[in-house]
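Within every chain, numbering begins at 1; the chains are lettered A, B, ... in the order of the sequence lines, protein sequences first and strands thereafter.
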Amino acid sequence: MPDLRIIFPEYALGIHLPSLVPYIALFGTIGFILMILPGLIWIERVVIALMQDRSGPNRVGPRGLLQSTADVVKLFFKEDTMPQSADIRIYYLAPFLTVFCAFAAGAVLPLQTLTFRLVDSSFKTVPVTVGDVNIGLLYILAVSSLQVYGVVLAGWSSNNKYSLLGGLRGSAQLISYELSMGLSLLCVVTLAGTCQLNKIVDAQNGLPFGIPYTGVWWQVPLKGSIFSWFWLGTLLVPVCIYTIAMIAETNRAPFDLPEAESELIAGFHTEYSSMKFAMFFTGEYVSMLIVSGLNAAMFWGGSLPPLNIPPLTWIPGFMWFIIKIMGGIFFFTWLRASFPRLRYDALMNLGWKRMLPLGLVWVFLMAVWGLFRPAPASSDNIPAEPVTASQTTVQQVAPPVEAKSLASRQR
Amino acid sequence: MATVLFWILALVSVIASISMVTTKNPVRSALFLVVTFLCVAVFYVILSAQFIAAVQIIVYAGAIMVLFLFVIMLLNLGTPQALVERGSLQPAFAVVLGISFAVTLVMSGSFVTLPAVAAQPEVYEPLGTVRGIGINLFDPKQPWLFPFEATSILLLIAVVGAIVMAKRKV
Amino acid sequence: MITTQHFLVLSAILFTTGVIGVLVKRNPIVIFMCIELMLNAANLSFVALGRHFGQVNGQMYVIFALAVAAAEVSIGLGIIVAIFRAKETINIDEMNLMKF
């Protein structure tokens, strides 16, 4: 089968192209997020309207497409009120913090990979990521764990009992569900053997359950297909845990207790209006995109096509990634239209008594499976270097040397 | 780049930690402490300890400080009357003692010559990766395996203890 | 160029700030925060020294310090909440029941 990937030269017009990739990713990510945001709100309204059998937005523009624009204009010109007894600096800080953390988490999402032909006519694959760091997954977890401050500080600084209750609920909820989220992601890390997101995507580019790839005819369409992604590779439970936890992490229905409008008016952002409210709104939608992106990269194969057969493989990887993110957004909306809000104690029960023990058991299971399964399926070029006895002894004696030699052995 | 970053963040972290002590409002104290923690996380990255940096943010900034904020908000100690410092000599004594302590520490830090070692590379990436740390942590030839297991028991005790403490009647 | 000494001095300053905070403050929650700051300063010097010798062992101590800090905070805040329920105050000067 001809390889239809576009191969870029290393130099064009005297510019070293591979070093431009992070900037392309930066502009691509931010541009995509900013462009899709009004669309997301429109999609959500239309989908919910479809599910509830009503018309939805249909007045502003064709099919109500300009509704979001009208909303933004309205928010922009709305009076910016502020409670008199608010803690002013923290009150101003909270929405900025929310938006900043939401955007910052997008820095390590692997959009796709580009192949370059170097001047010595060898090939080099460069992931399109803003920062291709080796702790990518931990980075996302760290930044999204900072997101709770926006909720907590908004709730506290407004000096309003509903806001305070919303903030308290938010902090407890986010801390509780972060644990299950981390455990479910740990299952994937156990199988992939790395925290680098583009390598995790790469680890799904094999056969289901790590069967060694020999190039037999029936293996070709299955390679990197939907069956070899980690939603199946981790046996379905982690992806369920992650999906529930990601909805709780973004404070969406049915876990929108921090802003439960029927109990707490609007929860932590009761006292916010105008653009500051818009920033909370933006932060929520951006973090929806980010957690869906993480879901796509960790469990749903990132930029891989669902089957390794021509019409699907011709679509570039970032399109698949965006399609998977949009699937996540649709799922968010679907849940919002379907489920009533959980009670607070039910939320805590689910987090601590169901998902956390299940996650722990599953990590244990995955660790045992990781011991006995065939060698991890990685990219096309798996040089299964045997580790000689002399190497291992040298590594165990001197830790710094060991770290260095490990790096050179890393695939 | 690292030098400039170090000086800026050193200044920020010192100012934030002093503000944490001087401010009366516990929530602001907590926020200043978070700023210090984030600065320390960046220092870890400068020191090629990426895993520790991420864990620092996840555990300290993301969990421990949120717990602090949660308790502060739960007890609602925004402007507590009972906690106003009484005008005593204690702060003055504390500052004098603290400064002498600082001078001692700084002297020992800056004048003790560290044993000379072979020059380390500017960026030593494998030092702090998840892989490097994990292999060192679980290496039976290293002394970390038993403390690691003991830590798990410590955490279990802490969980049980916190629940016992928080429940009115067990 | 930043040497290991820079990090050690910085960690000394942070540690001292924590010490002063523990001595000055009346609010046990803030005292706890100061203890966290001291732990962090110690961690920083551990990592800096480990980096100086090109060893990963300095970072091991930090991992254990993190675990201990997490355990300490959960228990300590539990104690503070329990005291607040019993006495309706958390001023550390008024916690003198065990004074002889």
Side-chain angles (χ1 to χ4, degrees), chain B residues 2-3 6 10 13-14 17-18 20-21 26 29-30 33 36-37 40 43-44 47-49 52 55 59-60 63-64 67-68 71-72 74-75 82-83 85 90-91 94-95 97-98 101-102 105-106 109-110 114 117 120 124 127-128 132-133 136-137 144 147 151 154-155 158-159 161-162 165-166, chain C residues 1-2 4-21 23-27 29-30 32-34 36-37 40 43-44 47-48 51-54 56-57 59-60 62-64 66-75 77-82 84-85 89-91 94:
Chain B
T3 316
F6 173 81
S13 62
V14 169
S17 61
I18 291 174
M20 178 198 101
V21 175
S29 288
L33 191 56
T36 314
F37 285 165
V40 172
F43 292 144
Y44 289 158
L47 289 167
S48 304
I52 299 288
V55 169
V59 173
Y60 268 122
I64 290 182
L67 202 60
F68 271 109
V71 170
I72 292 170
L74 199 67
L75 307 184
L83 294 171
E85 319 283 324
Q90 195 181 358
V95 169
L97 285 176
F101 185 63
L105 275 184
V106 170
S110 50
L114 292 167
V117 286
Q120 300 292 332
Y124 193 179
L127 193 65
I133 286 190
N136 202 45
L137 188 62
W144 305 117
T151 306
L154 175 77
L155 286 173
V159 168
M165 210 99 65
Chain C
M1 182 60 203
I2 302 168
T4 311
Q5 268 88 357
H6 285 87
F7 283 104
L8 293 183
V9 170
L10 177 67
S11 117
I13 294 171
L14 291 181
F15 191 87
T16 315
T17 320
V19 171
I20 295 178
L23 291 178
V24 170
K25 285 305 210 185
R26 287 277 149 287
N27 185 341
I29 298 179
V30 182
F32 253 115
M33 289 183 205
C34 295
E36 296 302 318
L37 180 61
N40 251 272
N43 287 351
L44 181 59
V47 174
R51 181 70 175 75
H52 180 77
F53 295 109
V56 77
N57 288 350
Q59 300 177 19
M60 294 293 131
V62 179
I63 292 178
F64 294 117
L66 274 168
V68 171
E72 171 226 331
V73 165
S74 62
I75 292 287
L77 290 179
I79 291 175
I80 289 172
V81 172
F84 182 78
R85 277 181 182 155
T89 176
I90 54 165
N91 190 336
E94 292 174 24

Counting only non-hydrogen atoms closer than 4.5 Å, does B:Val14 touch chain C with its backbone (N, CA, C, O), its side chain (CB onward), both, or neither? both
When every non-hydrogen atom of B:Trp144 is compared with those of C:Asn57, the smallest separation belongs to NE1-OD1, 3.6 Å
Answer yes or no: is there a side-chain heavy-atom contact under 4.5 Å between B:Tyr60 and C:Val73? no
What option among B:Phe68, B:Phe43, B:Phe101, B:Phe37 has the most heavy-atom pairs under 4.5 Å with chain C? B:Phe68
Does the side chain of C:Leu8 reach to within under 4.5 Å of the side chain of C:His52, using non-hydrogen atoms? no
OG1/C:Thr4 to CZ/C:Arg51 distance, rounded to the nearest 0.5 angstrom? 8.5 Å
Residue part contacting chain B, namely of C:Val19, when any heavy atom lies under 4.5 Å: side chain
What part of B:Ile52 gets within 4.5 angstrom of chain C, counting heavy atoms only: side chain, backbone, both, or neither? side chain
Ranking C:Ile13, C:Asn43, C:Val81 by heavy-atom pairs under 4.5 Å to chain B gives rank one to C:Asn43
Pick from C:Gly78, C:Gly18, C:Ser11: which one has the most heavy-atom pairs with chain B under 4.5 Å? C:Gly78
With a 4.5 angstrom heavy-atom cut-off, is it the side chain or the backbone of C:Glu72 that approaches chain B, or both, or neither? neither
Looking only at heavy atoms, the pair that brings C:Thr16 and B:Gly98 closest together is CG2-O, 2.9 Å
Select one option (side chain, backbone, both, neither) describing which atoms of C:Leu44 are under 4.5 Å from chain B's heavy atoms. both
I'd like to check B:Met165 versus C:Ile79 (side-chain heavy atoms, cut-off strictly below 4.5 Å). Are they in contact? yes
Of all of B:Val159, B:Val59, B:Leu155, which one pairs up most often with chain C through heavy atoms under 4.5 Å apart? B:Leu155
Taking all atoms of both residues into account, what is the closest heavy-atom pair of C:Leu37 and C:Leu14, and its distance? CD2-O, 3.7 Å
Note: vs chain C, highest number of non-hydrogen pairs under 4.5 angstrom among B:Val55, B:Ile133, B:Thr36 is B:Ile133
Answer with side chain, backbone, both or neither: which region of B:Ser17 has an atom nearer than 4.5 Å to a non-hydrogen atom of chain C? both
Please flag which part of B:Ala30 lies under 4.5 Å from any non-hydrogen atom of chain C: side chain, backbone, both or neither. both
Check whether B:Ser29 gets within reach of chain C through its side chain, its backbone, both or neither, counting any heavy atom under 4.5 Å. both
Hey, which of C:Asn40, C:Thr17, C:Leu23 has the most heavy atom pairs under 4.5 Å with chain B? C:Asn40
Give the minimum heavy-atom separation between C:Gln59 and B:Gly128, together with the two atoms involved. OE1-CA, 3.5 Å
What are the two closest heavy atoms between B:Ala94 and C:Ile20, and how far apart are they? O-CG1, 4.0 Å
For B:Leu47, which atoms come within 4.5 Å of any heavy atom of chain C: side chain, backbone, both, or neither? both
Under a 4.5 Å heavy-atom cut-off, does chain B meet the side chain of C:Phe32, its backbone, both or neither? both
Kindly assign one of parallel, tilted or perpendicular to the pair C:His6 and B:Phe6, based on the angle between their ring planes and the thresholds 30° and 60°. perpendicular
Please identify, among C:Val68, C:Ile80, C:Ile75, the residue contributing the most non-hydrogen atom pairs under 4.5 Å to chain B. C:Ile75
Can you name the closest pair of heavy atoms from C:Ala69 and C:Glu36 and give their distance? CB-OE1, 3.7 Å
